[in-house]
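Scroll down for the structure; my scribbles are underneath it.
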Amino acid sequence: HALQKVIVCLGEDKIPYIIDPVLENLSELSKNSNGLCVVKKIISKISSNEYKHKALDLFVEEAVELVQNPYGNYAIQHVVDEWGSEFCEKIYEKLVPQVM
């Protein structure tokens with residue numbers, strides 16, 4: 001909970017020491033109830049294109065596995081809610097062949 005508070009209180013430029021490890025472990029954190037809370041705060045916090053594209057690429061890479069996990073599914077939903085469906089189109093492109 002303390003980590004989530006730090007993420008909320010500090011600017012993106014002040015927390016790369018938190019963002020980078022979260023992105024490195026994005027899939028595992030997204031599939032855990034406590035990790036998901038941190039991932040959602042990071043998704044809501046980051047605004048730089050560099051971090052957003054890096055995170056999006058990781059979500060695309062793990063999209064099929066994440067949507068099948070009860071917590072990972074919420075991570076994917078949060079990305080789309082925060083960043084919009086147009087920005088997240090690569091996620092849809094990865095998932096559509098799996099559904100059809």
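Start at 1 with the first residue, then count along the sequence. Values below: every heavy atom of this structure, side chains too, minus hydrogens, waters and symmetry copies.
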Inset, instruction - Could you tell me whether Glu65 and Lys31 have a side-chain N and a carboxylate O separated by less than 4.0 Å? - result: yes
Legend entry - CA sep, side-chain torsions, deciding dist, call: His78, Phe59, ring-ring contact (aromatic ring centres under 6.0 Å, His included): CA-CA 11 Å; His78 193 70; Phe59 277 116; 9.7 Å; no
Inset, instruction - Could you tell me whether the side chain of Leu56 reaches within less than 4.5 Å of the side chain of Ile91, counting heavy atoms only? - result: yes
Legend entry - Side chain Lys45, main chain Ile7, donor-acceptor under 3.5 Å: yes
Legend entry - Asp57 side, atom CG; Glu62 side, atom CD - distance, nearest 0.5 Å: 12.0 Å
Legend entry - Check: Lys41 and Ile46 side chains under 4.5 Å, non-hydrogen atoms: no
Legend entry - Rounded distance (nearest 0.5 Å) linking atom SG of Cys88 with atom CD of Gln77: 12.0 Å
Inset, instruction - Return the minimal non-hydrogen interatomic distance between Ser30 and Leu26, and the atom names on each side. - result: OG-O, 2.7 Å
Inset, instruction - Please examine the side chains of Ser27 and Leu66, heavy atoms only from C-beta on, and report whether any two atoms are closer than 4.5 Å. - result: yes
Legend entry - Reported NZ-to-OG distance for the pair Lys54 and Ser48, which is rounded to 0.5 angstrom: 10.0 Å
Legend entry - Minimal non-hydrogen separation, Lys94 against Glu61, with atom names: NZ-O, 3.6 Å
Inset, instruction - Say whether, by atom type as modelled, one donor and one acceptor occur between the side chain of Asn32 and the main chain of Gly35 under 3.5 angstrom. - result: yes
Inset, instruction - Write down the atom of Leu23, the atom of Ala55, and the distance for their closest heavy-atom approach. - result: CD2-CB, 3.7 Å
Legend entry - Donor on one side chain, acceptor on other, Tyr74 and Asp81, under 3.5 Å: no
Legend entry - Gln68 vs Asn73 side-chain heavy atoms within contact, under 4.5 Å: no
Inset, instruction - Measure across Gly72 and Asn69 and return the closest heavy-atom pair with its distance rounded to 0.1 Å. - result: N-OD1, 2.8 Å
Inset, instruction - Please indicate whether Tyr71 has more than 12 foreign heavy atoms, meaning atoms of other residues, nucleotides or ligands, lying under 6.0 Å from its OH. - result: no
Legend entry - Heavy-atom closest pair, residues Ala63 and Ile76: CA-CD1, 4.4 Å
Legend entry - Heavy-atom neighbours of Lys90 NZ exceed 12 at 6.0 Å: no
Inset, instruction - Looking only at non-hydrogen atoms, find the nearest pair between Gln4 and Cys37 and report the distance. - result: NE2-CB, 3.4 Å
Legend entry - Test item: Trp83 side-chain N/O and Ser44 main-chain N/O as donor-acceptor pair under 3.5 Å: no
